[in-house]
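Below: the structure, in structure tokens.
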Amino acid sequence: MDWRYPRHIAHRCGGALAPENTLAGIRLAARLCFRAVEFDVMLSADGVPVLIHDATLARTTDGSGCVAETSLARLCHLDAGVKHHPAFAGEPLATLEQALTVCHALGLSANIEIKPATGHEAETGAVVAKYAAQRRSAATLLFSSFSEPALSAAREVAENLPRALLVDEIPPDWQERLRQLECFALHCAARHLRIAQAAEVVASGFPLACYTVNRPEEATRLFAAGVSAIFTDRLDLFEPGKSSLSQ
Ligand code: G3P
Ligand code: MG
């Protein structure tokens with residue numbers, strides 16, 4: 001497996017300084033010495049993986065309606081930058097293919113969060129994994145998802161690409177779920193994590209990564225508890241160039 005966690009991962013490509021889930025964000029993360037980015041991937045109406053967090057277009061683009069009901073041709077004409085700041089007007093909504101190409105060119109690893117629209121869980125997992133597997137030489141990859149059907153479908157298509165289970169709160173049966181999905185790592189919300197839980201995961205030999213951590217002192221506390229990596233929006237508050245890779 002190629003994936004190794006850097007301490008700091010740009011969450012949604014670093015959504016505080018650049019529009020979230022965009023190529024502009026990926027480029028900014030690289031300029032600020034991040035080694036990895038996380039972005040959310042969903043399918044267009046015609047089944048092409050694109051970078052977006054919400055099931056609907058209104059919050060982050062100048063479009064409206066549902067991503068899953070909009071064709072790639074229409075999505076590619078949307079502005080995914082102007083809602084963040086007019087300085088980013090014209091930033092296009094990116095495809096997974098474009099994002100992986102830019103990550104590869106900039107030497108960034110990519111955590112692809114499979115974010116299926118409701119009812120499209122297995123299809124999204126399978127299509128995203130197929131796309132990524134075909135381009136696996138393009139960048140070092142890790143899949144994660146809150147959707148267990150999506151992770152299961154990704155495993156069917158690309159069993160050798162690493163997977164992490166994404167949860168809000170760590171459930172009591174976390175280890176059994178990881179085992180069933182053959183996930184090698186757990187990603188959870190920092191706000192719910194108790195130190196004892198972190199210790200249990202780490203002692204079991206599974207890397208643990210936490211989102212979304214925007215205060216350096218919180219990151220320090222999590223690293224001391226054995227957390228491998230944090231996802232942050234605040235690329236300006238951390239110095240990823242000074243830390244080494246962990247697991
Ligand atoms: O992958 C970690 C994090 O991105 C999960 O939450 O809602 O920001 O995609 P969300
Ligand atoms: Mg995400």
Side-chain angles (χ1 to χ4, degrees), residues 3-41 51-54 59-60 80-81 83-85 87-88 91 99 103 106-113 115 140 142 144-146 164-171 174 185-204 206-247:
W3 179 268
R4 292 183 67 202
Y5 282 95
R7 284 286 199 198
H8 309 92
I9 301 172
H11 178 237
R12 304 186 194 176
C13 308
L17 299 184
E20 68 180 51
N21 289 315
T22 62
L23 302 183
I26 295 174
R27 293 190 181 103
L28 185 71
R31 280 205 294 282
L32 294 175
C33 299
F34 277 72
R35 295 185 175 116
V37 294
E38 180 262 4
F39 47 77
D40 307 297
V41 173
L51 270 59
I52 192 159
H53 179 277
D54 299 0
R59 181 178 63 85
T60 55
K83 289 251 170 101
H84 176 79
H85 192 280
F88 288 95
E91 177 67 29
C103 285
L106 298 174
L108 287 164
S109 299
N111 174 191
I112 300 172
E113 186 192 330
K115 191 78 108 179
T140 302
L142 168 66
S144 62
S145 189
F146 289 106
L165 177 64
L166 189 44
V167 294
D168 188 20
E169 276 189 79
I170 298 178
W174 66 270
L186 185 63
H187 295 179
C188 72
R191 68 179 178 279
H192 298 307
L193 181 67
R194 287 179 282 107
I195 295 299
Q197 286 179 309
E200 182 194 340
V201 175
V202 173
S204 306
F206 293 94
L208 179 63
C210 294
Y211 66 93
T212 305
V213 179
N214 291 332
R215 289 182 300 114
E217 59 273 22
E218 187 182 12
T220 301
R221 184 179 64 80
L222 291 166
F223 293 144
V227 167
S228 291
I230 57 113
F231 298 89
T232 186
D233 303 313
R234 293 299 305 269
L235 307 193
D236 52 329
L237 297 183
F238 294 90
E239 293 188 293
K242 292 189 177 168
S243 60
S244 57
L245 295 170
S246 53
Q247 299 173 66

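Numbering of residues begins at 1 and proceeds along the displayed sequence.
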Checklist entry - Is any side-chain N of the basic residue among Lys115 and Asp54 closer than 4.0 Å to the acidic one's carboxylate O? => result no
Next on the checklist: Side chains of Arg191 and Asp168, heavy atoms from C-beta outward: is any pair under 4.5 Å?
Outcome noted: yes
Next on the checklist: To the closest 0.5 Å, what do you measure between CZ (Arg27) and CG (Leu108)?
Outcome noted: 11.0 Å
Item to check | Side-chain (Glu38) to main-chain (Ile9) donor-acceptor, under 3.5 angstrom | outcome: no
Checklist entry - Quick one: CZ on Arg35 to CG on Leu106, what's the gap to the nearest 0.5 Å? => result 14.5 Å
Checklist entry - So do Leu208 and Ser228 actually touch side chain to side chain, heavy atoms under 4.5 Å? => result no
Item to check | Residue pair Ala190 / Cys210: nearest heavy atoms and the distance that separates them | outcome: CB-CB, 3.9 Å
Checklist entry - Rounded to the nearest 0.5 Å, how far apart are CG of Leu28 and CZ of Phe88? => result 7.0 Å
Next on the checklist: Quick test of your reading of the model: are Arg59 and Glu20 salt-bridged, counting only N-O distances below 4.0 Å?
Outcome noted: yes
Checklist entry - Do Leu165 and Phe146 have side-chain heavy atoms sitting under 4.5 Å apart? => result no
Item to check | Value rounded to 0.5 Å, distance of NE2 in His85 from CG in Leu17 | outcome: 11.5 Å
Item to check | Note, Ile112 side chain near Leu142 side chain (heavy atom, < 4.5 Å) | outcome: no
Checklist entry - Do Glu91 and Leu23 touch side chain to side chain, with heavy atoms closer than 4.5 Å? => result yes
Item to check | Minimum side-chain heavy-atom gap Pro207-Leu186 below 4.5 Å | outcome: no
Item to check | Where Cys13 and Leu235 come nearest, the two heavy atoms and their spacing | outcome: O-CD1, 4.0 Å
Checklist outcome for this item: d(Glu113 CD, Ser145 OG) to nearest 0.5 Å is 6.0 Å
Checklist entry - If we only count heavy atoms from C-beta on, is the Leu51 to Asp40 side-chain gap below 4.5 Å? => result no
Item to check | Phe34 to Ala10 - nearest heavy-atom pair and separation | outcome: CD2-N, 3.7 Å
Checklist outcome for this item: Between Val227 and Ala229 the two heavy atoms that sit nearest each other are CG1-O, 3.3 Å
Next on the checklist: Please determine whether ring-ring contact (aromatic ring centres under 6.0 Å, His included) holds for the pair Phe39 and His53, giving the CA-CA distance in whole Å, both sets of side-chain angles, and the decisive distance to 0.1 Å.
Outcome noted: CA-CA 8 Å; Phe39 47 77; His53 179 277; over 10 Å; no
Checklist outcome for this item: Heavy-atom closest pair (Ala36 atom, Pro6 atom, distance to 0.1 Å) is CB-CG, 3.6 Å
Checklist entry - Checking ring-ring contact (aromatic ring centres under 6.0 Å, His included) for the pair His8/Phe223: CA distance, chi angles, key distance, verdict? => result CA-CA 11 Å; His8 309 92; Phe223 293 144; 5.8 Å; yes
Item to check | Side chain proximity check, Thr60 to Ile52, heavy atoms < 4.5 angstrom | outcome: yes
Next on the checklist: Hydrogens and angles aside, do Gln197 and Trp174 bring a side-chain donor and acceptor to less than 3.5 Å of each other?
Outcome noted: no
Next on the checklist: I'd like to know if the side chain of Thr232 reaches the main chain of Val213, judged simply by a donor and an acceptor atom lying under 3.5 Å from each other, with no hydrogens or angles considered.
Outcome noted: yes
Checklist entry - Do you know the tightest heavy-atom contact between Ser144 and Leu166? => result OG-CD2, 4.0 Å
Next on the checklist: Tell me whether Thr22 contacts the main-chain N or O of Ala18 through its side chain, where contact means a donor paired with an acceptor under 3.5 Å.
Outcome noted: no
Checklist outcome for this item: Across all chains, not counting sequence neighbours, the side-chain hydrogen bond (donor to acceptor under 3.5 Å, both in side chains) partners of Arg234 are Asp236
Checklist outcome for this item: Distance col, row Thr212:OG1 vs Glu218:CD, nearest 0.5 angstrom, shows 9.5 Å
Checklist entry - Between the side chains of His11 and Asp233, is a donor N or O closer than 3.5 angstrom to an acceptor N or O? => result yes
